[in-house]
Amino acid sequence: MDVRLDDKVAIVTGGSRGIGQAIAEEFLRSGATGVVVTSRRPENAEVAAAAIGEATGRPEAIEAVVARADSRDDADRTVAFAVERFGSCDILVNNAGTNPSAGMLADVDQAAVEKTWQVNQMGPLLWSQAAWHGWMGANGGTIINTASLGGLRPGAVLGAYNVSKAALIFMTRQMALEMAPGVRVNAVAPAVVKTKLSAMLWTGNEAGAAAMHPLNRLGEVEDVANAVTFLASDKASWITGVTLPIDGGVDGTGASGTLA
Ligand SMILES: NC(=O)c1ccc[n+]([C@@H]2O[C@H](COP(=O)([O-])OP(=O)(O)OC[C@H]3O[C@@H](n4cnc5c(N)ncnc54)[C@H](OP(=O)(O)O)[C@@H]3O)[C@@H](O)[C@H]2O)c1
């Protein structure tokens, strides 16, 4: 199967590193006309755009925009920029995410919870609204949300984060119903993928963390990017409202003891 994104333009929030950067690169390798990545910081945005352009050999097809994941104004501005610069906005990946708190919900700090829910849950709503009103409602498209295995099952470590991702998974289903048939909305639910965000879960004990996944390794950013590219492509044109675990077999096998 040849998964292609020819003639499609994408926005990837939180594309300055980690999973988002890998998604942007795979989209360009799959022929996307253009990709716009977002970051909060101008220096991160510039470095990421240069790195993605070099890695894919397509510097003319990547743009980086400074934007907050939880700002409707920034989302509207970014969608308008994608349409003006590349001609459309066919794919939105709500990937930016944060995890400033750990521990039991009974003890978690209110400000940390509010930030987590604002970025992980409100952000995808605001950016999806912007994409719908700025392009997709009239022209069609597809939205992919980066959720988490922790949104599918409770875990011991990241309570507030897991609740935000569970809400995102339900929002995926709700939006899929509301936006059909013109716009498909799906999510991915990774377990532990080796990035800055997850470093506290595996640094110093990678073998132990890997052993909690039946396939006995941690995820690489490409594992997620490949699945997102498929869901974004026309090869997935009869798939909407689903959340795909990308988790080394944890959810499917019912394995216990995951850190996610
Ligand atoms: N890594 C894992 O194990 C794992 C597992 C399940 C789900 N996920 C999810 O995967 C997504 C990507 O995570 P990652 O592991 O690739 O993390 P990462 O390497 O830390 O990257 C996070 C990205 O999000 C951006 N970001 C963070 N907070 C933001 C905010 N308030 N506004 C705008 N952008 C913001 C960062 O950009 P700047 O700092 O440049 O602004 C960066 O590009 C997240 O939604 C995360 O919850 C990760």
Side-chain angles (χ1 to χ4, degrees), residues 11-26 35-49 51-52 64-75 77-78 93-102 112 114-124 126-127 144-153 155 157-158 160-169 171-172 187-203 206 209-210 212-213 217-225 227-228 243-248 250-251 258-260:
I11 294 172
V12 182
T13 69
S16 63
R17 61 174 182 267
I19 291 169
Q21 180 172 346
I23 291 169
E25 290 182 6
E26 194 54 39
V35 175
V36 179
V37 294
T38 75
S39 163
R40 289 163 296 176
R41 301 190 177 86
E43 63 276 17
N44 290 2
E46 269 175 40
V47 170
I52 294 166
V65 165
V66 178
R68 292 186 56 82
D70 56 351
S71 163
R72 175 65 193 270
D73 286 347
D74 286 2
R77 175 171 55 80
T78 305
V93 184
N94 286 311
N95 172 76
T98 190
N99 179 31
S101 68
E114 283 172 355
K115 173 159 188 186
T116 306
W117 293 358
Q118 184 73 9
V119 173
N120 294 0
Q121 185 176 338
M122 185 66 76
L126 299 176
W127 283 72
I144 296 129
N145 297 316
T146 309
S148 170
L149 182 65
L152 289 171
R153 48 195 278 172
V157 188
L158 303 172
Y161 173 87
N162 288 349
V163 172
S164 74
K165 295 298 190 178
L168 181 57
I169 288 168
M171 195 168 74
T172 299
V188 290
V192 180
V193 179
K194 289 167 68 176
T195 67
K196 183 177 175 189
L197 184 88
S198 68
M200 67 167 180
L201 297 175
W202 52 270
T203 303
E206 186 170 338
M212 294 179 173
H213 302 72
R217 69 169 173 86
L218 297 184
E220 302 290 344
V221 291
E222 293 79 10
D223 292 316
V224 183
V228 170
T243 295
L244 177 63
I246 304 169
D247 64 353
V250 176
D251 191 57
T258 179
L259 292 165

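Counting starts at 1 for both ligands and their atoms, following the listed order.
- Under a 3.5 Å cut-off, the side chain of Trp127 and the backbone N or O of Asp74 do not form any donor-acceptor pair.
- Close to ligand 1: Ala191, with a non-hydrogen atom less than 4.0 angstrom away.
- Note: Thr78 OG1 to Ile11 CD1 = 6.0 Å, rounded to the nearest 0.5 Å.
- Those atoms of ligand 1 that come under 4.0 Å of a heavy atom in Ala96, given as number and element, are 24 (O), 34 (N), 35 (C), 45 (O).
- Checking only distances, Ile19 does come within under 3.5 Å of ligand 1, N or O to N or O.
- Some N or O of Tyr161 is nearer than 3.5 Å to an N or O of ligand 1, by distance alone.
- With Ser164 contributing its side chain and Gln121 its backbone, the two residues share no donor-acceptor pair below 3.5 Å.
- The residue from Leu218, Thr146, Thr195, Asn120 that puts a heavy atom closest to atom 9 (C) of ligand 1 is Thr146.
- Not one N or O on the side chain of Trp202 forms a donor-acceptor pair closer than 3.5 Å with the backbone of Ala210.
- Proximity of a side-chain donor or acceptor of Ser198 to a complementary backbone N or O of Thr195 within less than 3.5 Å is detected.
- Between the side chain of Thr38 and the backbone N or O of Ala67, no donor-acceptor pair lies under 3.5 Å.
- When non-hydrogen atoms are compared, ligand 1 lies under 4.0 Å from the side chain of Asn44 (C-beta onward) but not from its backbone.
- Atoms of ligand 1 found under 4.0 Å from any heavy atom of Arg41 (numbered from 1 in listed order, with element): 39 (O).
- Close contacts between ligand 1 and Ser198 involve ligand atoms 1 (N), 2 (C), 3 (O) [criterion: under 4.0 Å to a heavy atom].
- With respect to the salt-bridge test (charged N to carboxylate O, under 4.0 angstrom), the residues Arg153 and Asp247 do not qualify.
- Here the rule is side chain to side chain contact (heavy atoms under 4.5 Å, CB included) with Val228, and of Ile246, Val12, Val93 only Val93 fits it.
- Shown here for Ala112 and Ser101, the closest heavy-atom pair between the two residues is CB-CB, 3.6 Å.
- At the shortest separation from atom 6 (C) of ligand 1 among protein heavy atoms lies Pro190 O, 3.3 Å.
- Of the residues listed (Asn120, Thr172, Asn145), the one engaging Asn94 in a side chain to side chain donor-acceptor pair (under 3.5 Å) is Asn145, and it is the only one.
- Of all heavy-atom pairs between Thr13 and Ala96, the closest is OG1-N, 3.0 Å.
- The salt bridge (Lys or Arg N to Asp or Glu O under 4.0 Å) search around Asp251 returns none, not counting sequence neighbours.
- In terms of polar-atom proximity, defined here as any N/O pair under 3.5 Å, Val192 makes no such contact with ligand 1.
- When only interatomic distances are considered, the shortest N/O to N/O separation between Asp70 and ligand 1 does not fall below 3.5 Å.
- Closest heavy-atom approach to atom 27 (C) of ligand 1 within the set Gly14, Ala209, Gly18, Gly97: this belongs to Gly97.
- Under 4.0 Å from ligand 1, not a single heavy atom of Leu201 appears.
- Closest to atom 39 (O) of ligand 1 among all protein heavy atoms lies Arg40 NH2, 2.7 Å.
- Residue Arg40 holds its CZ atom at 7.5 Å from OG of Ser16, rounded to the nearest 0.5 Å.
- Nearest protein heavy-atom neighbour of atom 21 (O) of ligand 1: Arg17 NE, 3.5 Å.
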### Query
Can His213 and Val192 be said to form a side chain to side chain contact (heavy atoms under 4.5 Å, CB included), step by step?
CA-CA 9 Å; His213 302 72; Val192 180; 4.0 Å; yes

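- Protein heavy atom closest to atom 7 (C) of ligand 1, with residue, atom name and distance, is Ala147 O, 3.1 Å.
- Within the 4.0 Å heavy-atom criterion, neither part of Ala189 lies near ligand 1.
- Residue contacts with ligand 1: Ser148 is placed with no nitrogen or oxygen under 3.5 Å of a nitrogen or oxygen of the ligand (distance criterion only).
- Ranking the protein heavy atoms by distance from atom 11 (C) of ligand 1 puts Asn95 O, 3.1 Å first.
- In terms of protein heavy atoms, atom 37 (O) of ligand 1 is closest to Ser16 OG, 3.1 Å.
- Between the Asn95 side chain and the Gly14 main chain, a donor and an acceptor come within less than 3.5 Å of each other.
- Every atom of ligand 1 is numbered from 1 in the order shown, and the set under 4.0 Å from a heavy atom of Gly15 is 43 (O).
- With ligand atoms numbered from 1 in the order given, ligand 1 contributes 30 (C), 32 (N), 33 (C) to contacts under 4.0 Å with heavy atoms of Ala69.
- Heavy atoms of Gln21 found under 4.0 angstrom from ligand 1: none, in either backbone or side chain.
- Among all non-hydrogen protein atoms, the one lying nearest atom 3 (O) of ligand 1 is Val193 N, 2.8 Å.
- Ligand 1 places these atoms under 4.0 Å from at least one heavy atom of Ser39: 38 (P), 40 (O), 41 (O).
- Taking CG of Asn99 as the reference point, atom NZ of Lys115 lies at 10.5 Å (rounded to 0.5 Å).
- Distances shorter than 4.0 angstrom occur between a heavy atom of Lys165 and an atom of ligand 1.
- Looking only at heavy atoms of the protein, atom 13 (O) of ligand 1 is closest to Leu197 CD2, 3.9 Å.
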